[in-house]
Protein chains: 2
Amino acid sequence: MPRAGALRHQTTPPRAVPPTHAGPFLGASELMGFIISYPPDAEIYGEEEQAEYFYKVVNGSVRTYKTLKSGRRQIVAFHVPGDVFGLETRGEHTLSADAVAESSLLLIKRSALVALAEQDKDAAGRLWTLTAAELRQVQDHIRLFALPARERVAGFLVEMAQRLSANDEVELPMARQDIAGYLGLTVETVSRSFTQLERLDAITVRTSRRILLRNYFALVRLSA
Amino acid sequence: MPRAGALRHQTTPPRAVPPTHAGPFLGASELMGFIISYPPDAEIYGEEEQAEYFYKVVNGSVRTYKTLKSGRRQIVAFHVPGDVFGLETRGEHTLSADAVAESSLLLIKRSALVALAEQDKDAAGRLWTLTAAELRQVQDHIRLFALPARERVAGFLVEMAQRLSANDEVELPMARQDIAGYLGLTVETVSRSFTQLERLDAITVRTSRRILLRNYFALVRLSA
DNA sequence: CGACCATTTGATATGGATCAAGCGATGTGG
DNA sequence: CCACATCGCTTGATCCATATCAAATGGTCG
(Lines give C-alpha, C1' and ligand atoms only; values in the text may rest on other atoms or scores of the structure.)
Protein backbone atom coordinates (compact mmCIF):
# COMPACT_ATOMS: atom_id res chain seq x y z
CA MET A 1 0.00 0.00 0.00
CA PRO A 2 1.12 3.54 -0.64
CA ARG A 3 2.21 5.77 2.17
CA ALA A 4 -0.36 7.83 3.98
CA GLY A 5 0.56 10.93 2.02
CA ALA A 6 -0.37 9.28 -1.23
CA LEU A 7 -3.68 8.00 0.02
CA ARG A 8 -4.49 11.28 1.63
CA HIS A 9 -5.50 12.64 -1.74
CA GLN A 10 -7.13 9.63 -3.15
CA THR A 11 -10.46 10.35 -4.73
CA THR A 12 -11.16 7.00 -6.33
CA PRO A 13 -10.57 3.59 -4.82
CA PRO A 14 -7.35 1.84 -5.80
CA ARG A 15 -7.99 -0.85 -8.33
CA ALA A 16 -5.98 -3.98 -8.88
CA VAL A 17 -3.57 -3.61 -11.77
CA PRO A 18 -3.64 -1.96 -15.19
CA PRO A 19 -7.18 -1.11 -16.25
CA THR A 20 -7.91 0.03 -19.77
CA HIS A 21 -5.12 2.03 -21.31
CA ALA A 22 -2.85 2.12 -18.28
CA GLY A 23 -0.58 -0.49 -19.84
CA PRO A 24 1.87 -2.69 -18.01
CA PHE A 25 4.47 -1.05 -15.85
CA LEU A 26 7.73 -1.12 -17.74
CA GLY A 27 6.41 -4.13 -19.52
CA ALA A 28 6.56 -6.07 -16.31
CA SER A 29 3.02 -7.30 -16.59
CA GLU A 30 3.53 -9.92 -13.93
CA LEU A 31 4.05 -7.25 -11.31
CA MET A 32 1.10 -5.95 -9.37
CA GLY A 33 0.49 -2.28 -9.48
CA PHE A 34 -2.40 -0.08 -8.55
CA ILE A 35 -3.81 3.21 -9.58
CA ILE A 36 -4.28 6.27 -7.47
CA SER A 37 -5.91 9.54 -8.41
CA TYR A 38 -4.52 12.83 -7.26
CA PRO A 39 -6.44 16.08 -7.28
CA PRO A 40 -4.80 19.24 -8.68
CA ASP A 41 -1.69 20.30 -6.73
CA ALA A 42 -1.69 17.18 -4.58
CA GLU A 43 1.77 16.16 -3.46
CA ILE A 44 2.91 12.80 -4.80
CA TYR A 45 6.18 12.75 -2.93
CA GLY A 46 8.60 15.22 -1.41
CA GLU A 47 12.29 15.75 -1.74
CA GLU A 48 14.30 13.45 0.50
CA GLU A 49 11.35 11.19 1.20
CA GLN A 50 11.89 7.48 0.95
CA ALA A 51 11.25 6.27 -2.58
CA GLU A 52 8.84 3.44 -2.11
CA TYR A 53 7.25 3.45 -5.56
CA PHE A 54 7.91 4.04 -9.21
CA TYR A 55 5.20 5.90 -11.08
CA LYS A 56 3.60 5.88 -14.48
CA VAL A 57 1.25 8.60 -15.58
CA VAL A 58 -2.03 7.10 -16.77
CA ASN A 59 -3.69 10.42 -17.30
CA GLY A 60 -3.32 13.97 -16.15
CA SER A 61 0.14 15.40 -15.66
CA VAL A 62 2.82 15.74 -13.05
CA ARG A 63 5.58 18.22 -12.28
CA THR A 64 8.82 17.44 -10.49
CA TYR A 65 10.73 20.31 -8.94
CA LYS A 66 13.26 21.58 -6.46
CA THR A 67 12.24 24.16 -3.91
CA LEU A 68 14.74 26.85 -3.00
CA LYS A 69 15.21 28.53 0.33
CA SER A 70 13.60 31.66 -1.14
CA GLY A 71 10.47 29.60 -1.68
CA ARG A 72 10.93 29.75 -5.41
CA ARG A 73 10.39 26.50 -7.28
CA GLN A 74 12.41 25.36 -10.22
CA ILE A 75 10.37 22.84 -12.17
CA VAL A 76 12.67 20.15 -13.48
CA ALA A 77 10.26 18.17 -15.63
CA PHE A 78 6.66 17.64 -16.61
CA HIS A 79 5.35 14.14 -17.02
CA VAL A 80 2.42 13.31 -19.26
CA PRO A 81 0.45 10.12 -19.89
CA GLY A 82 2.75 7.25 -20.72
CA ASP A 83 5.74 8.75 -18.90
CA VAL A 84 7.41 6.92 -16.06
CA PHE A 85 9.02 8.92 -13.28
CA GLY A 86 10.46 8.58 -9.81
CA LEU A 87 13.00 5.97 -10.91
CA GLU A 88 15.40 6.37 -8.02
CA THR A 89 18.34 4.02 -7.80
CA ARG A 90 18.97 5.01 -4.23
CA GLY A 91 16.45 4.97 -1.49
CA GLU A 92 15.29 8.54 -1.56
CA HIS A 93 13.77 11.09 -3.85
CA THR A 94 15.86 14.03 -4.93
CA LEU A 95 12.93 16.03 -6.26
CA SER A 96 9.40 16.75 -5.16
CA ALA A 97 6.53 15.69 -7.37
CA ASP A 98 2.95 16.79 -7.52
CA ALA A 99 -0.07 16.65 -9.73
CA VAL A 100 -0.51 19.55 -12.11
CA ALA A 101 -4.15 18.66 -12.67
CA GLU A 102 -6.35 15.80 -11.59
CA SER A 103 -4.21 12.80 -12.46
CA SER A 104 -4.22 9.03 -12.27
CA LEU A 105 -0.95 7.30 -11.64
CA LEU A 106 0.01 3.68 -11.76
CA LEU A 107 2.22 2.83 -8.81
CA ILE A 108 4.47 -0.12 -8.45
CA LYS A 109 6.66 -1.07 -5.54
CA ARG A 110 10.22 -0.06 -6.12
CA SER A 111 11.57 -3.02 -4.19
CA ALA A 112 9.53 -5.45 -6.29
CA LEU A 113 10.65 -4.02 -9.58
CA VAL A 114 14.27 -3.78 -8.50
CA ALA A 115 14.08 -7.40 -7.38
CA LEU A 116 12.59 -8.37 -10.71
CA ALA A 117 15.37 -6.54 -12.53
CA GLU A 118 17.88 -8.65 -10.65
CA GLN A 119 16.63 -11.67 -12.50
CA ASP A 120 14.94 -10.42 -15.62
CA LYS A 121 17.50 -8.70 -17.83
CA ASP A 122 14.69 -7.28 -19.94
CA ALA A 123 13.28 -5.45 -16.95
CA ALA A 124 16.77 -4.27 -16.04
CA GLY A 125 17.26 -2.96 -19.55
CA ARG A 126 13.98 -1.09 -19.42
CA LEU A 127 14.94 0.57 -16.17
CA TRP A 128 18.13 1.78 -17.80
CA THR A 129 16.36 2.85 -21.00
CA LEU A 130 13.72 4.83 -19.16
CA THR A 131 16.26 6.54 -16.94
CA ALA A 132 18.35 7.44 -19.96
CA ALA A 133 15.28 8.83 -21.69
CA GLU A 134 14.63 11.08 -18.75
CA LEU A 135 18.25 12.14 -18.76
CA ARG A 136 18.00 13.17 -22.42
CA GLN A 137 14.88 15.10 -21.65
CA VAL A 138 16.51 17.05 -18.84
CA GLN A 139 19.57 17.74 -20.99
CA ASP A 140 17.29 19.19 -23.60
CA HIS A 141 15.61 21.27 -20.95
CA ILE A 142 18.96 22.79 -19.95
CA ARG A 143 19.57 23.80 -23.53
CA LEU A 144 16.61 26.17 -23.31
CA PHE A 145 18.35 28.30 -20.70
CA ALA A 146 20.80 29.49 -23.33
CA LEU A 147 17.92 31.16 -25.17
CA PRO A 148 16.06 34.45 -24.64
CA ALA A 149 12.51 34.35 -23.29
CA ARG A 150 10.51 34.14 -26.50
CA GLU A 151 12.74 31.41 -27.87
CA ARG A 152 12.48 29.42 -24.65
CA VAL A 153 8.72 29.49 -24.91
CA ALA A 154 8.97 28.41 -28.55
CA GLY A 155 11.15 25.51 -27.48
CA PHE A 156 8.73 24.62 -24.76
CA LEU A 157 5.85 24.47 -27.23
CA VAL A 158 7.86 22.27 -29.56
CA GLU A 159 8.63 19.91 -26.71
CA MET A 160 5.01 19.75 -25.65
CA ALA A 161 3.77 19.27 -29.19
CA GLN A 162 6.07 16.28 -29.55
CA ARG A 163 5.36 14.74 -26.20
CA LEU A 164 1.62 15.19 -26.36
CA SER A 165 1.73 13.90 -29.93
CA ALA A 166 -0.41 16.79 -30.98
CA ASN A 167 -1.45 17.45 -34.54
CA ASP A 168 -1.34 21.19 -34.96
CA GLU A 169 -3.16 22.07 -31.77
CA VAL A 170 -1.57 21.56 -28.37
CA GLU A 171 -3.64 21.25 -25.25
CA LEU A 172 -1.30 22.46 -22.53
CA PRO A 173 -1.86 20.60 -19.29
CA MET A 174 -0.36 23.34 -17.12
CA ALA A 175 -0.90 26.98 -16.24
CA ARG A 176 1.33 29.89 -17.21
CA GLN A 177 2.82 29.88 -13.74
CA ASP A 178 4.12 26.35 -14.25
CA ILE A 179 5.53 27.16 -17.65
CA ALA A 180 7.31 30.11 -16.06
CA GLY A 181 8.68 27.86 -13.32
CA TYR A 182 9.96 25.43 -15.93
CA LEU A 183 11.62 28.04 -18.10
CA GLY A 184 13.07 30.23 -15.37
CA LEU A 185 10.88 33.19 -16.32
CA THR A 186 7.97 35.05 -14.75
CA VAL A 187 4.33 34.55 -15.70
CA GLU A 188 4.25 37.99 -17.25
CA THR A 189 7.19 37.26 -19.51
CA VAL A 190 5.72 33.92 -20.56
CA SER A 191 2.44 35.61 -21.38
CA ARG A 192 4.17 38.31 -23.40
CA SER A 193 6.15 35.64 -25.23
CA PHE A 194 2.94 33.90 -26.29
CA THR A 195 1.68 37.22 -27.56
CA GLN A 196 4.91 37.80 -29.47
CA LEU A 197 4.79 34.35 -31.04
CA GLU A 198 1.25 35.10 -32.07
CA ARG A 199 2.35 38.34 -33.73
CA LEU A 200 5.01 36.36 -35.58
CA ASP A 201 2.18 34.17 -36.94
CA ALA A 202 3.81 31.13 -35.36
CA ILE A 203 0.87 30.32 -33.12
CA THR A 204 -2.69 31.29 -32.27
CA VAL A 205 -3.72 31.27 -28.64
CA ARG A 206 -7.22 29.84 -28.97
CA THR A 207 -7.69 29.70 -25.22
CA SER A 208 -4.88 30.06 -22.72
CA ARG A 209 -4.45 26.27 -22.69
CA ARG A 210 -5.18 25.54 -26.31
CA ILE A 211 -2.45 26.62 -28.67
CA LEU A 212 -2.78 26.33 -32.42
CA LEU A 213 0.60 25.82 -34.04
CA ARG A 214 0.36 27.81 -37.21
CA ASN A 215 4.01 27.51 -38.13
CA TYR A 216 5.67 24.65 -36.35
CA PHE A 217 8.94 25.03 -38.18
CA ALA A 218 9.19 28.66 -37.21
CA LEU A 219 8.98 27.51 -33.60
CA VAL A 220 11.67 24.93 -34.19
CA ARG A 221 13.86 27.51 -35.87
CA LEU A 222 13.40 30.01 -33.07
CA SER A 223 14.37 27.50 -30.42
CA ALA A 224 17.31 26.00 -32.32
CA MET B 1 39.90 0.93 -32.24
CA PRO B 2 38.42 4.37 -31.83
CA ARG B 3 37.09 6.28 -34.75
CA ALA B 4 39.42 8.53 -36.70
CA GLY B 5 38.19 11.59 -34.89
CA ALA B 6 39.29 10.22 -31.58
CA LEU B 7 42.71 9.27 -32.80
CA ARG B 8 43.15 12.53 -34.59
CA HIS B 9 44.02 14.17 -31.31
CA GLN B 10 45.94 11.41 -29.71
CA THR B 11 49.20 12.53 -28.23
CA THR B 12 50.27 9.38 -26.46
CA PRO B 13 50.00 5.85 -27.78
CA PRO B 14 46.96 3.85 -26.69
CA ARG B 15 47.85 1.35 -24.04
CA ALA B 16 46.15 -1.91 -23.32
CA VAL B 17 43.68 -1.65 -20.47
CA PRO B 18 43.57 0.17 -17.12
CA PRO B 19 47.00 1.38 -16.15
CA THR B 20 47.69 2.79 -12.71
CA HIS B 21 44.70 4.56 -11.19
CA ALA B 22 42.39 4.27 -14.16
CA GLY B 23 40.39 1.55 -12.45
CA PRO B 24 38.12 -0.95 -14.17
CA PHE B 25 35.40 0.32 -16.38
CA LEU B 26 32.14 0.07 -14.50
CA GLY B 27 33.75 -2.70 -12.53
CA ALA B 28 33.79 -4.83 -15.65
CA SER B 29 37.44 -5.71 -15.31
CA GLU B 30 37.15 -8.51 -17.82
CA LEU B 31 36.39 -6.04 -20.60
CA MET B 32 39.19 -4.57 -22.62
CA GLY B 33 39.49 -0.85 -22.70
CA PHE B 34 42.15 1.54 -23.78
CA ILE B 35 43.27 4.99 -22.93
CA ILE B 36 43.47 7.97 -25.20
CA SER B 37 44.79 11.40 -24.42
CA TYR B 38 43.10 14.50 -25.75
CA PRO B 39 44.71 17.92 -25.91
CA PRO B 40 42.79 20.96 -24.67
CA ASP B 41 39.62 21.64 -26.66
CA ALA B 42 39.90 18.43 -28.64
CA GLU B 43 36.56 17.04 -29.72
CA ILE B 44 35.71 13.68 -28.20
CA TYR B 45 32.46 13.23 -30.05
CA GLY B 46 29.85 15.37 -31.69
CA GLU B 47 26.10 15.60 -31.36
CA GLU B 48 24.32 12.99 -33.48
CA GLU B 49 27.46 10.98 -34.06
CA GLN B 50 27.26 7.25 -33.62
CA ALA B 51 27.98 6.31 -30.03
CA GLU B 52 30.67 3.68 -30.35
CA TYR B 53 32.23 4.02 -26.92
CA PHE B 54 31.51 4.73 -23.31
CA TYR B 55 34.05 6.93 -21.54
CA LYS B 56 35.63 7.23 -18.15
CA VAL B 57 37.74 10.21 -17.20
CA VAL B 58 41.12 9.08 -15.94
CA ASN B 59 42.50 12.55 -15.59
CA GLY B 60 41.80 16.00 -16.93
CA SER B 61 38.22 17.07 -17.50
CA VAL B 62 35.53 17.03 -20.12
CA ARG B 63 32.57 19.22 -20.99
CA THR B 64 29.42 18.05 -22.73
CA TYR B 65 27.27 20.65 -24.43
CA LYS B 66 24.66 21.56 -26.97
CA THR B 67 25.44 24.09 -29.65
CA LEU B 68 22.73 26.50 -30.70
CA LYS B 69 22.12 27.98 -34.08
CA SER B 70 23.47 31.28 -32.77
CA GLY B 71 26.75 29.54 -32.13
CA ARG B 72 26.26 29.84 -28.42
CA ARG B 73 27.07 26.75 -26.39
CA GLN B 74 25.14 25.58 -23.41
CA ILE B 75 27.41 23.38 -21.34
CA VAL B 76 25.34 20.56 -19.87
CA ALA B 77 27.92 18.93 -17.63
CA PHE B 78 31.53 18.78 -16.62
CA HIS B 79 33.15 15.41 -16.04
CA VAL B 80 36.13 14.99 -13.77
CA PRO B 81 38.39 12.01 -12.98
CA GLY B 82 36.35 9.01 -11.99
CA ASP B 83 33.24 10.12 -13.87
CA VAL B 84 31.74 8.00 -16.61
CA PHE B 85 29.97 9.71 -19.48
CA GLY B 86 28.58 9.04 -22.93
CA LEU B 87 26.26 6.28 -21.69
CA GLU B 88 23.84 6.31 -24.59
CA THR B 89 21.12 3.69 -24.68
CA ARG B 90 20.43 4.40 -28.28
CA GLY B 91 22.95 4.47 -31.04
CA GLU B 92 23.77 8.13 -31.16
CA HIS B 93 25.06 10.93 -29.00
CA THR B 94 22.71 13.73 -28.09
CA LEU B 95 25.46 16.05 -26.87
CA SER B 96 28.90 17.02 -28.01
CA ALA B 97 31.86 16.36 -25.76
CA ASP B 98 35.32 17.78 -25.69
CA ALA B 99 38.34 18.01 -23.48
CA VAL B 100 38.50 21.07 -21.24
CA ALA B 101 42.21 20.54 -20.65
CA GLU B 102 44.67 17.83 -21.59
CA SER B 103 42.79 14.70 -20.54
CA SER B 104 43.15 10.96 -20.55
CA LEU B 105 40.05 8.91 -21.08
CA LEU B 106 39.41 5.24 -20.75
CA LEU B 107 37.29 4.04 -23.65
CA ILE B 108 35.30 0.87 -23.84
CA LYS B 109 33.24 -0.42 -26.70
CA ARG B 110 29.59 0.28 -26.16
CA SER B 111 28.52 -2.89 -27.91
CA ALA B 112 30.78 -5.00 -25.70
CA LEU B 113 29.53 -3.50 -22.48
CA VAL B 114 25.90 -3.65 -23.55
CA ALA B 115 26.42 -7.30 -24.47
CA LEU B 116 27.99 -7.95 -21.10
CA ALA B 117 25.05 -6.27 -19.37
CA GLU B 118 22.74 -8.71 -21.13
CA GLN B 119 24.26 -11.50 -19.12
CA ASP B 120 25.83 -9.92 -16.09
CA LYS B 121 23.13 -8.35 -13.98
CA ASP B 122 25.75 -6.58 -11.94
CA ALA B 123 27.02 -4.77 -15.02
CA ALA B 124 23.43 -3.98 -16.00
CA GLY B 125 22.84 -2.53 -12.57
CA ARG B 126 25.93 -0.39 -12.80
CA LEU B 127 24.82 1.01 -16.13
CA TRP B 128 21.54 2.03 -14.57
CA THR B 129 23.18 3.42 -11.44
CA LEU B 130 25.65 5.52 -13.39
CA THR B 131 22.96 6.88 -15.69
CA ALA B 132 20.79 7.73 -12.71
CA ALA B 133 23.74 9.49 -11.07
CA GLU B 134 24.19 11.63 -14.14
CA LEU B 135 20.47 12.36 -14.16
CA ARG B 136 20.63 13.59 -10.58
CA GLN B 137 23.57 15.76 -11.45
CA VAL B 138 21.77 17.40 -14.36
CA GLN B 139 18.67 17.92 -12.23
CA ASP B 140 20.80 19.72 -9.70
CA HIS B 141 22.29 21.80 -12.46
CA ILE B 142 18.82 22.96 -13.53
CA ARG B 143 18.14 24.09 -10.02
CA LEU B 144 20.87 26.71 -10.36
CA PHE B 145 18.95 28.52 -13.07
CA ALA B 146 16.42 29.62 -10.51
CA LEU B 147 19.12 31.64 -8.74
CA PRO B 148 20.69 35.05 -9.44
CA ALA B 149 24.23 35.21 -10.80
CA ARG B 150 26.24 35.36 -7.59
CA GLU B 151 24.25 32.49 -6.09
CA ARG B 152 24.70 30.38 -9.19
CA VAL B 153 28.43 30.80 -8.97
CA ALA B 154 28.29 29.89 -5.28
CA GLY B 155 26.36 26.75 -6.19
CA PHE B 156 28.86 25.95 -8.87
CA LEU B 157 31.74 26.19 -6.40
CA VAL B 158 29.94 23.94 -3.95
CA GLU B 159 29.37 21.37 -6.66
CA MET B 160 33.00 21.49 -7.74
CA ALA B 161 34.27 21.29 -4.18
CA GLN B 162 32.22 18.14 -3.66
CA ARG B 163 33.08 16.48 -6.92
CA LEU B 164 36.77 17.28 -6.79
CA SER B 165 36.77 16.16 -3.17
CA ALA B 166 38.64 19.29 -2.28
CA ASN B 167 39.60 20.23 1.24
CA ASP B 168 39.17 23.97 1.45
CA GLU B 169 40.90 24.83 -1.79
CA VAL B 170 39.36 23.99 -5.14
CA GLU B 171 41.45 23.72 -8.26
CA LEU B 172 39.03 24.57 -11.03
CA PRO B 173 39.74 22.59 -14.16
CA MET B 174 38.01 25.07 -16.46
CA ALA B 175 38.22 28.70 -17.53
CA ARG B 176 35.73 31.45 -16.70
CA GLN B 177 34.27 31.16 -20.16
CA ASP B 178 33.29 27.55 -19.47
CA ILE B 179 31.81 28.39 -16.11
CA ALA B 180 29.78 31.07 -17.84
CA GLY B 181 28.63 28.57 -20.46
CA TYR B 182 27.57 26.18 -17.72
CA LEU B 183 25.68 28.75 -15.68
CA GLY B 184 24.03 30.66 -18.52
CA LEU B 185 25.95 33.84 -17.73
CA THR B 186 28.68 35.88 -19.39
CA VAL B 187 32.36 35.74 -18.44
CA GLU B 188 32.15 39.24 -17.04
CA THR B 189 29.27 38.38 -14.76
CA VAL B 190 31.03 35.25 -13.55
CA SER B 191 34.14 37.25 -12.84
CA ARG B 192 32.21 39.88 -10.94
CA SER B 193 30.47 37.16 -8.98
CA PHE B 194 33.80 35.76 -7.84
CA THR B 195 34.77 39.24 -6.75
CA GLN B 196 31.52 39.63 -4.85
CA LEU B 197 31.93 36.28 -3.11
CA GLU B 198 35.39 37.40 -2.15
CA ARG B 199 34.03 40.61 -0.65
CA LEU B 200 31.55 38.51 1.30
CA ASP B 201 34.53 36.65 2.75
CA ALA B 202 33.18 33.40 1.35
CA ILE B 203 36.20 32.73 -0.86
CA THR B 204 39.64 33.99 -1.76
CA VAL B 205 40.66 33.84 -5.40
CA ARG B 206 44.29 32.76 -4.99
CA THR B 207 44.76 32.46 -8.73
CA SER B 208 41.93 32.45 -11.24
CA ARG B 209 41.83 28.65 -11.08
CA ARG B 210 42.63 28.16 -7.40
CA ILE B 211 39.80 29.12 -5.10
CA LEU B 212 40.16 29.06 -1.36
CA LEU B 213 36.85 28.34 0.30
CA ARG B 214 36.92 30.52 3.36
CA ASN B 215 33.30 29.95 4.30
CA TYR B 216 31.91 26.86 2.69
CA PHE B 217 28.62 27.05 4.51
CA ALA B 218 28.06 30.59 3.37
CA LEU B 219 28.36 29.26 -0.18
CA VAL B 220 25.91 26.49 0.55
CA ARG B 221 23.50 28.94 2.11
CA LEU B 222 23.73 31.32 -0.82
CA SER B 223 22.98 28.60 -3.32
CA ALA B 224 20.22 26.92 -1.31
C1' DC C 1 61.29 40.80 -22.96
C1' DG C 2 57.25 41.09 -25.48
C1' DA C 3 52.95 39.26 -27.52
C1' DC C 4 48.94 37.04 -26.50
C1' DC C 5 45.09 35.60 -24.14
C1' DA C 6 42.38 35.18 -19.87
C1' DT C 7 40.60 37.81 -16.34
C1' DT C 8 39.05 41.81 -14.08
C1' DT C 9 37.02 46.26 -13.85
C1' DG C 10 34.39 50.15 -15.60
C1' DA C 11 30.51 52.49 -18.27
C1' DT C 12 26.35 51.99 -20.55
C1' DA C 13 22.40 49.53 -22.61
C1' DT C 14 18.66 46.34 -22.43
C1' DG C 15 15.71 42.23 -21.62
C1' DG C 16 13.14 40.56 -18.29
C1' DA C 17 11.53 41.39 -13.40
C1' DT C 18 8.59 43.90 -10.66
C1' DC C 19 4.71 46.64 -9.62
C1' DA C 20 0.16 47.81 -10.94
C1' DA C 21 -4.07 47.64 -13.32
C1' DG C 22 -7.45 45.71 -16.40
C1' DC C 23 -9.77 41.81 -18.50
C1' DG C 24 -12.04 37.51 -19.09
C1' DA C 25 -13.62 33.11 -17.65
C1' DT C 26 -15.50 30.39 -13.94
C1' DG C 27 -18.06 29.48 -10.17
C1' DT C 28 -21.07 30.92 -6.13
C1' DG C 29 -24.64 32.83 -3.50
C1' DG C 30 -28.52 35.80 -3.42
C1' DC D 1 -30.50 33.34 -13.48
C1' DC D 2 -27.92 37.06 -12.75
C1' DA D 3 -24.53 39.89 -9.83
C1' DC D 4 -20.49 39.59 -8.06
C1' DA D 5 -16.20 37.56 -6.16
C1' DT D 6 -12.21 35.02 -7.55
C1' DC D 7 -8.53 33.53 -10.14
C1' DG D 8 -5.65 33.19 -14.14
C1' DC D 9 -4.06 35.72 -17.88
C1' DT D 10 -2.73 39.79 -20.33
C1' DT D 11 -1.06 44.41 -20.82
C1' DG D 12 1.26 48.61 -19.31
C1' DA D 13 4.91 51.40 -16.78
C1' DT D 14 9.06 51.41 -14.45
C1' DC D 15 13.20 49.39 -12.45
C1' DC D 16 17.16 46.64 -12.11
C1' DA D 17 20.31 42.68 -12.84
C1' DT D 18 22.91 41.17 -16.22
C1' DA D 19 24.55 41.80 -21.03
C1' DT D 20 27.30 44.42 -23.87
C1' DC D 21 31.01 47.33 -25.07
C1' DA D 22 35.46 49.01 -23.84
C1' DA D 23 39.74 49.27 -21.53
C1' DA D 24 43.18 48.06 -18.13
C1' DT D 25 45.64 44.36 -15.78
C1' DG D 26 48.02 40.19 -15.28
C1' DG D 27 49.69 35.77 -16.16
C1' DT D 28 51.91 32.53 -19.64
C1' DC D 29 54.79 31.13 -23.16
C1' DG D 30 57.78 31.70 -27.08
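Values reported hereafter were calculated over all heavy atoms of this structure, with side chains retained and with hydrogens, waters and symmetry mates removed.
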Give the intermediate values and the outcome of side-chain contact (heavy atoms from CB on, under 4.5 Å) for residues B:F194 and B:E198.
CA-CA 6 Å; B:F194 273 102; B:E198 209 165 13; 6.0 Å; no
side-chain contact (heavy atoms from CB on, under 4.5 Å) between B:I75 and B:M174, intermediate numbers included:
CA-CA 12 Å; B:I75 294 179; B:M174 74 293 286; over 6 Å; no
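Applying the 4.0 Å criterion to OP1 and OP2 of D:dA19, one finds that B:T186 has a side-chain N or O inside that range.
A straight line from CG of B:L197 to C1' of C:dT8 spans 15 Å, rounded to a whole angstrom. One can place CE of B:M174 at 11 Å from P of C:dT7, the figure rounded to the nearest angstrom. Taking atom CZ of B:R150 as the reference point, atom P of C:dT8 lies 17 Å away to the nearest angstrom. The nearest whole Å value for the distance from the CZ atom in B:R152 to the C1' atom in D:dA19 is 13 Å. Per the geometry, CG belonging to A:L183 stands 15 Å off C1' belonging to C:dA17, to the nearest Å. If you measure from atom CG of B:L147 to atom C1' of D:dA17, you get 14 Å, rounded to the nearest angstrom. Taking atom CD of A:Q177 as the reference point, atom C1' of D:dT6 lies 17 Å away to the nearest angstrom. In this entry the distance linking CZ of A:R206 with C1' of C:dG24 reads 17 Å, nearest Å.
Between B:S96 and B:E47, the shortest heavy-atom distance links the atoms OG-N, 3.2 Å. B:R206 and B:E169 get closest at one heavy-atom pair: CD-OE1, 3.0 Å.
Scored by the side chain to side chain donor-acceptor pair (under 3.5 Å) test, B:D98 finds B:R63, B:Y65 as partners (sequence neighbours excluded).
Ring geometry for A:F78 against A:Y182 counts as tilted: the plane angle lies between 30° and 60°, on a 0 to 90° scale. Ring planes of A:H93 and A:Y55: tilted class, angle from 30 to 60°.
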Measure all distances between protein nitrogen or oxygen atoms and nitrogen or oxygen atoms of nucleotides 10-15 of chain D, and list the pairs falling under 3.5 Å.
from: D:dT10; atom 1: OP1; to: A:R176; atom 2: NH2; distance (Å): 3.3
from: D:dT10; atom 1: OP2; to: A:R176; atom 2: NE; distance (Å): 2.8
from: D:dT10; atom 1: OP2; to: A:S191; atom 2: OG; distance (Å): 2.8
from: D:dT10; atom 1: O5'; to: A:S191; atom 2: OG; distance (Å): 3.0
from: D:dT11; atom 1: OP2; to: A:T195; atom 2: OG1; distance (Å): 2.6
from: D:dG12; atom 1: N7; to: A:R192; atom 2: NH1; distance (Å): 2.8
from: D:dG12; atom 1: O6; to: A:R192; atom 2: NH2; distance (Å): 3.0
from: D:dA13; atom 1: N6; to: A:R192; atom 2: NH2; distance (Å): 3.3

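With A:F156 as the fixed residue, the side-chain contact (heavy atoms from CB on, under 4.5 Å) test singles out one of A:L183, A:L219, A:V190: A:L183.
Each end of the helix from C:dC1-D:dG30 to C:dG30-D:dC1 gets its own axis from five base pairs, and the two axes differ in direction by 30°, given to 10 degrees.
Between B:R214 and B:T204, the side chains place a donor N or O and an acceptor N or O closer than 3.5 Å (distance only, hydrogens not considered).
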